[in-house]
Amino acid sequence: MFSYAAEFLSIILLILLVAHYYDPMRIQSPFGRRYWQCLVVTGASMALNGACVLTIAYSDRVPLWLNMLLNTVYFAIAYLMAEVFTLYLLEKLMAHVYEPSCLRRAKAITRGTLAALLALLLINIPTGVIFYFDDARQYCRGPANAVGYSQAVVAVGLLVICYCRNRASVDKGMRRVIRLGIPMVGALIVFQRLNQHILLNGTIAVCLAILLFLNFQTEKIDRDTLTGLRNRRSFLLEAEDALKEQRPIQILSVSLCQFSAINLSFGYQRGDEVLYHIARWLEQTFGRSGRVFRMGPVTFLVELPYSGEAEAARCVAAVQQRFSQPWELGKREHLVEAKVMELLITQAGDFTTPWLIECLEYGKRLLKRGGRDYLRFDDAAAAALSRRRYLTSFLQRSIEEGRIQVWYQPVYCTADRKFCSAEALVRLQDEYGAFISPAEFIPLAEESGLIEGINRQVMEKVCDLLERGLPGTLQGVSINLSMRQLSYPDFARDLFDLMQGKGIPVERLLLEITERMLISEDDAVRENFDQLARLDFRFFLDDFGTGYSNFSGVLQFPFTTIKLDKSLIKDLEEEKRRTSVEVLIDLFHRTGFEVVAEGIETEEQAEQLTAIGVDYLQGFYFARPMPEGELIRFMEKNS
Ligand code: C2E
Ligand code: CA
Ligand code: CA
């Protein structure tokens with residue numbers, strides 16, 4: 001009676017497990033598939049067990065061969081069931097062990113055991129060593145009936161050996177399963193041996209399946225699956241609490257650098273392995289006093305209670321010290337570079353969770369850009385971030401409300417002694433009328449994608465001026481192209497159509513490009529460049545001398561004119577400088593380029609550069625950038 005009740009209950013539990021677990025997506029993952037196999041084989045084993053119990057009960061009416069066949073298949077399935085559970089446990093145990101040989105050997109041993117048992121089952125048919133039917137067609141146990149339990153013994157032995165050999169890589173869930181599962185299965189087997197009239201195989205398997213399900217197959221929404229650390233979602237909830245309770249905390253964000261190099265050189269499995277070890281070290285070092293999170297693929301975050309500067313500095317030093325050492329995995333060592341950002345929340349009320357996340361992201365970016373490996377997110381960084389936020393939303397509003405202005409700075413031609421072109425420069429005033437420097441908002445607009453809106457308004461305003469006609473002696477207007485514009489595949493075509501539509505000749509618009517854009521690997525940039533050159537647009541290479549430029553780069557693209565950056569123009573009174581600028585200009589002239597000198601602020605500079613032979617001069621000495629109306633008046637006076 002007890003046997004039936006146990007099996008019946010186990011079947012119900014199994015049905016519940018199957019119904020709850022079944023999901024085609026889940027079954028596609030390696031562990032999901034293996035677990036599914038455990039459930040299917042357990043179900044098959046229990047169904048066959050039921051069938052065997054029935055056919056044995058009515059053995060006088062059931063042909064002997066059918067009874068024999070059903071029981072043989074039942075034994076085979078029971079062995080298979082033990083095999084898949086063992087494989088699942090071994091694979092889980094070794095999930096974070098990179099060296100595959102140990103798992104491979106363990107699997108070979110379990111498969112060997114299974115093969116031996118199946119062979120014995122075949123031998124059983126003529127010999128009856130496992131079971132047989134006597135003359136009265138009654139089921140009888142053979143001398144080797146309990147041989148199947150050898151699988152459990154082999155499995156436990158292998159699990160213990162593998163565990164001892166790879167203790168450092170075994171995760172918490174697996175340790176729990178070993179601690180609970182081995183005694184549980186052991187106790188059930190002993191109970192079964194003492195009470196041979198009841199059959200508990202199915203019950204044992206279902207109990208194990210439930211244990212595995214609870215430990216591994218329930219997705220924990222607040223945990224990262226690879227490292228077992230709390231995930232980003234969990235951090236957001238925790239941070240909310242910490243901020244509400246106004247506990248002083250220290251946050252360390254640890255970002256690994258060039259981690260993809262490990263993935264590419266040694267494979268993703270190895271990369272995962274290193275991440276797992278780093279996570280474990282962080283958890284062991286900081287897990288007791290604080291909490292460790294995996295915030296992104298290669299970013300960890302440690303949240304610690306803040307208890308003074310000395311302790312805070314000690315924590316930072318511990319991370320830096322550890323990352324200066326390699327991570328030893330099997331026979332290999334990996335040195336992983338990490339950038340650490342420290343953020344202290346010691347004053348009440350300053351922070352909200354979204355702001356905290358923004359600070360972390362921004363800090364990461366500052367670290368990346370600055371080439372440093374440690375940053376304390378201080379008041380200055382917070383102020384810079386606030387300014388960025390303000391600027392981004394202000395830029396957005398300004399674009400929507402059409403408040404982007406274009407000013408023009410006339411460019412002087414030394415040969416004709418006239419102003420022959422003007423550079424269009426974008427201008428933006430804040431709510432109080434103060435000008436915000438394009439050097440500040442252009443890079444921000446490029447990052448946020450707002451540059452497109454700005455560019456469009458600049459282009460429209462410049463084309464409107466060209467359509468109305470340029471004042472005085474001006475022959476053309478130059479505009480500064482942004483990287484974003486040049487990477488837009490249809491840019492060349494759109495610009496050409498816009499100008500054709502307004503009847504503006506191509507030579508009226510000059511395009512200024514910095515060499516930084518040309519180093520880009522974007523094919524679209526090169527494509528636009530070539531297409532615009534074919535349409536007879538003229539290109540100026542802007543900011544020559546700022547560090548990006550080199551002569552071979554200049555020759556690769558169809559520039560007509562080079563603009564020397566203002567940094568080259570200052571200190572011309574120094575002999576060495578003057579000579580190098582002279583040589584440079586001579587070199588450009590000999591190779592067929594015209595040269596503009598930017599940033600002319602004094603009469604002396606203008607005279608010296610004219611004497612050297614510069615073709616065009618631009619700078620505050622001649623004219624500052626001015627609005628369109630002023631440009632018209634300026635040109636009336638200076639033509
Ligand atoms: P840039 O293309 O090198 O522009 C020349 C900058 O030098 C302008 O600064 C101009 O006001 C300044 N300048 C002119 N003469 C002198 C001088 O004698 N002394 C000094 N110290 N500076 C002088 P601005 O207008 O602040 O523009 C800064 C940068 O912003 C520009 O450098 C350009 O890279 C970018 N920019 C400006 N307008 C646009 C635009 O419409 N689109 C794009 N993509 N970038 C723009
Ligand atoms: Ca320029
Ligand atoms: Ca420039």
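Keep in mind that what you see is a predicted model, and the values were worked out from it rather than measured. Counting starts at 1 for both ligands and their atoms, following the listed order.
- Counting only heavy atoms of the protein, atom 21 (N) of ligand 1 lies nearest to E601 OE2, 3.1 Å.
- E512 contributes atom OE1 as its closest N/O/S atom to the Ca ion (ligand 2).
- When distances from the Ca ion (ligand 3) to the N, O or S atoms of D543 are compared, OD1 comes out shortest.
- Here E598 reaches the Ca ion (ligand 3): one of its N/O/S atoms is less than 3.0 Å from the metal.
- Looking at D378, its side chain does come within 3.5 Å of a backbone N or O of A381 through a donor-acceptor pair.
- Compare T602, L486, I436, V426 by their heavy atoms: the one nearest to atom 40 (C) of ligand 1 is in V426.
- Ligand 1 has E423 within reach: a non-hydrogen atom of the residue lies less than 4.0 Å from it.
- For atom 32 (O) of ligand 1, no protein heavy-atom neighbour is present inside the 4.0 Å cut-off.
- Cation-pi geometry between R526 and F557 is met: under 6.0 angstrom from the ring centre, within 45 degrees of the axis.
- Heavy-atom contacts from other residues, nucleotides or ligands closer than 6.0 Å to CG of D379 number 12 or fewer.
- Within ligand 1, the atoms closer than 4.0 Å to a non-hydrogen atom of I600 are 18 (O), numbered from 1 in the order shown.
- For E423, the N/O/S atom at the shortest distance from the Ca ion (ligand 2) is named OE2.
- Ligand 1 does not have E446 within reach: every non-hydrogen atom of the residue lies 4.0 Å or more from it.
- Note on ligand 1: E598 sits in its first shell, one or more heavy atoms being nearer than 4.0 Å.
- Remark: side-chain polar atoms of T610 are not paired, donor with acceptor, to backbone N or O of T414 under 3.5 angstrom.
- Within ligand 1, counting atoms from 1 as listed, the ones closer than 4.0 Å to a heavy atom of D543 are 3 (O).
- Protein heavy atom closest to atom 27 (O) of ligand 1, with residue, atom name and distance, is P438 CG, 3.4 Å.
- For the pair R624 and W407, the cation does not sit on the ring face, since its NZ or CZ is not both under 6.0 Å from the ring centre and inside 45° of the axis.
- Of all atoms in ligand 1, listed by their number and element, those nearer than 4.0 Å to a heavy atom of Q409 are 14 (C), 15 (N).
- Within the 4.0 Å cut-off (strictly below), a protein heavy atom is located near atom 45 (N) of ligand 1.
- At least one N/O/S atom of N480, from backbone or side chain, sits under 3.0 Å from the Ca ion (ligand 2).
- Restricting D542 to its N, O or S atoms, the one at the least distance from the Ca ion (ligand 2) is OD2.
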